[in-house]
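Only one structure is covered here, and it is reproduced in the block below.
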There are 2 protein chains.
Amino acid sequence: MDGKRSSGGDPARSVALLWGSHTKAGRSGLTVRAIVETAIGIADAEGLDALSMRRVAERLGVGTMSLYTHVPGKIELTDLMIDTAYGQLYDDVDAPSSQPGGWREAMEFVAARNWDLYLRHPWMLQIVTARPVVGPNASLKYEAELRPLEGIGLSDIEMDSVLTLILTHVEGTARIRASLDQVQQSTGMSETEWWLVSAPALEKVMDASRFPVASRVGQAAGQAHNGATDPAHALDFGLARILDGVAALIAGR
Amino acid sequence: MDGKRSSGGDPARSVALLWGSHTKAGRSGLTVRAIVETAIGIADAEGLDALSMRRVAERLGVGTMSLYTHVPGKIELTDLMIDTAYGQLYDDVDAPSSQPGGWREAMEFVAARNWDLYLRHPWMLQIVTARPVVGPNASLKYEAELRPLEGIGLSDIEMDSVLTLILTHVEGTARIRASLDQVQQSTGMSETEWWLVSAPALEKVMDASRFPVASRVGQAAGQAHNGATDPAHALDFGLARILDGVAALIAGR
DNA sequence: ATCCCGTTCCGTACGATGTACCGTACACAG
DNA sequence: CTGTGTACGGTACATCGTACGGAACGGGAT
């Protein structure tokens with residue numbers, strides 16, 4: 001899968017599927033909800049690559065093709081998975097906006113929650129988020145995350161832009177973290193170990209004098225957070241700069 | 001492919017492959033370079049999903065398994081593709097740092113070049129950038145992009161953090177754009193058309209009063225750049241905030 | 001000239017995958 | 001009790017990456 005996103009074809013079908021109640025069960029007790037939750041369980045535990053229709057069906061004790069009675073295809077299934085995961089983000093719509101402190105603390109809260117979300121469900125990062133899935137939980141998420149930006153001196157468009165900026169930052173940084181985790185898991189080496197193994201081969205072939213700044217900075221960064229990159233630090237550093245920039249925009253009025 | 005990234009196994013092998021000269025050709029004239037360039041051509045034109053070992057071999061007029069004489073597997077091939085693409089970024093290492101204007105203009109130049117890169121090679125966004133591929137061109141890129149940040153009052157670690165922040169922003173925003181492009185291409189509908197088709201089904205099921213802020217802001221944003229999101233605007237807006245934040249960091253010393 | 005051996009090429013085959021197609025068997029309305 | 005719509009799922013197909021092992025070649029040693 002990965003880069004796929006045909007958008008299914010019929011938008012109305014997808015909308016109905018996302019917003020429907022999914023309670024009707026046939027004689028084998030199969031439900032859309034059960035399918036989605038099983039799929040999330042597999043993806044959480046073994047990654048998106050391990051998620052196949054056969055595996056889902058097997059785990060549900062059901063024939064593979066029975067899934068297609070409830071779900072049009074795998075793409076729509078992943079759409080449902082994403083919207084379901086969004087549902088776990090906030091207890092209620094006012095969670096971010098009722099955060100103590102101003103909009104800045106609220107946005108830090110939003111960033112932290114999204115960061116945690118991608119930690120729990122790394123597979124979300126692998127699903128190309130094409131034209132955002134407009135499910136009920138995604139809509140609630142958007143509403144919840146927008147509210148703290150109300151009435152602080154931003155236009156509607158700026159509110160949307162600021163939120164997009166923050167979420168893009170979190171997602172991108174989470175992607176870096178997820179990649180590091182995956183390499184670590186698949187090679188059995190920590191990042192530090194990996195560099196120790198690669199360094200000799202690299203030094204033999206790479207003339208450090210051609211990259212004076214890069215090698216100095218790379219060295220410094222590597223030592224500071226043992227491992228070439230520290231996603232947690234990147235998250236905080238970046239968010240601080242972004243929020244400073246937004247504050248400057250507001251103050252400049 | 002998509003979410004894969006086994007890191008191949010032997011790091012030394014990958015390093016040698018990336019930094020090697022790739023000039024030795026066998027009796028059929030097959031080269032690593034030719035394989036990589038053909039692969040890039042396919043991915044550029046038809047997307048990463050259309051890239052298969054069979055297609056590459058076919059286009060080269062060669063048996064599929066012959067590729068494996070020169071390249072260990074598909075994952076390593078994509079590593080080579082990425083480093084090759086990086087090679088097209090700057091004419092020389094000093095391109096960004098010799099930009100007229102200060103570090104700010106230089107970083108805008110860097111952002112614009114990366115933005116263009118992802119426009120030309122959208123498949124790069126689909127390849128999970130695990131433990132960054134340390135090829136020769138990637139190293140040059142890092143050096144080139146770091147140089148404009150020299151001597152402006154940032155520590156080594158901050159230099160790295162700032163660059164990471166900017167590149168993450170560009171990549172994330174490019175990902176949004178690529179997704180929109182792909183939906184547009186696969187459905188044959190422009191984004192505006194898509195929303196027009198989906199809106200009726202959505203309105204029937206979604207109670208706008210539950211999402212007061214979201215629907216107001218979404219409406220405003222949608223009208224401003226006809227289409228729910230305007231990646232180009234998001235790029236500029238975000239970059240401006242980020243650079244303001246960095247400027248504040250420097251000024252605060 | 002002959003042989004040998006290392007390398008390059010590639011045909012075949014295997015185990016995956018998503019899902020189209022179509023028969024079966026059940027639950028419920030009449 | 002019977003008729004019919006829906007849920008279920010077995011089989012099959014195209015596609016993928018690539019393991020395996022044989023064929024074909026080029027160049028060095030005899």
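Sequence lines set the chain letters: A, B, ... in the order given, protein chains first and strands last, and positions in each chain run from 1. These numbers were taken from a predicted model, which means no experiment stands behind them.
- A side-chain donor-acceptor contact under 3.5 Å links A/H70 to the backbone of A/L30.
- Counting non-hydrogen atoms under 4.0 angstrom, B/T69 reaches a base of the nucleic acid.
- In this structure, A/I35 atom CD1 and C/dG18 atom C1' are separated by 15 Å, rounded to whole Å.
- Rounding to whole angstrom units, NZ of residue B/K74 and P of C/dA16 are separated by 19 Å.
- Straight-line distance from the OH atom of A/Y68 to the C1' atom of C/dC22: 16 Å, rounded to whole Å.
- Following rounding to the nearest Å, B/E58 (CD) and D/dC16 (C1') show an atom-to-atom distance of 14 Å.
- Atom CG of A/L48 and atom C1' of C/dT17 are 13 Å apart (whole Å).
- At distances below 3.5 Å, at least one donor-acceptor pair connects side-chain atoms of A/T78 with backbone N or O atoms of A/I75.
- Nearest-nucleotide assignment on DNA chain D puts the 5′-proximal partner with A/R54, out of B/R27 and A/R54.
- The residue A/L51 sits close only to the backbone: its heavy atoms come under 4.0 Å of sugar-phosphate atoms, none of a base.
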Notebook entry, point to check: Between A/R175 and B/E171, does a side-chain contact (heavy atoms from CB on, under 4.5 Å) hold up when you go through it step by step?
Noted result: CA-CA 11 Å; A/R175 196 182 307 276; B/E171 183 186 315; 4.1 Å; yes
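- Between the side chain of A/H121 and the backbone N or O of A/D44 there is no donor-acceptor pair closer than 3.5 Å.
- As a whole-Å value, the separation of B/D49 CG from D/dA14 C1' is 16 Å.
- Going from atom CE of B/M53 over to atom C1' of D/dT18 covers 8 Å, rounded to whole Å.
- OP1 or OP2 of D/dG9 has not a single side-chain nitrogen or oxygen of A/T64 nearer than 4.0 Å.
- Listed pair A/S28 / D/dA7 fails the phosphate criterion, with no side-chain N or O lying under 4.0 Å from OP1 or OP2.
- When distances run from any side-chain atom of B/M65 to the nucleotides C/dC9, C/dT17, D/dT18, the shortest one goes to D/dT18.
- Side-chain N/O atoms of B/S66 include one lying less than 4.0 angstrom from OP1 or OP2 on C/dC10.
- Straight-line distance from the CD atom of A/E76 to the C1' atom of C/dT19: 12 Å, rounded to whole Å.
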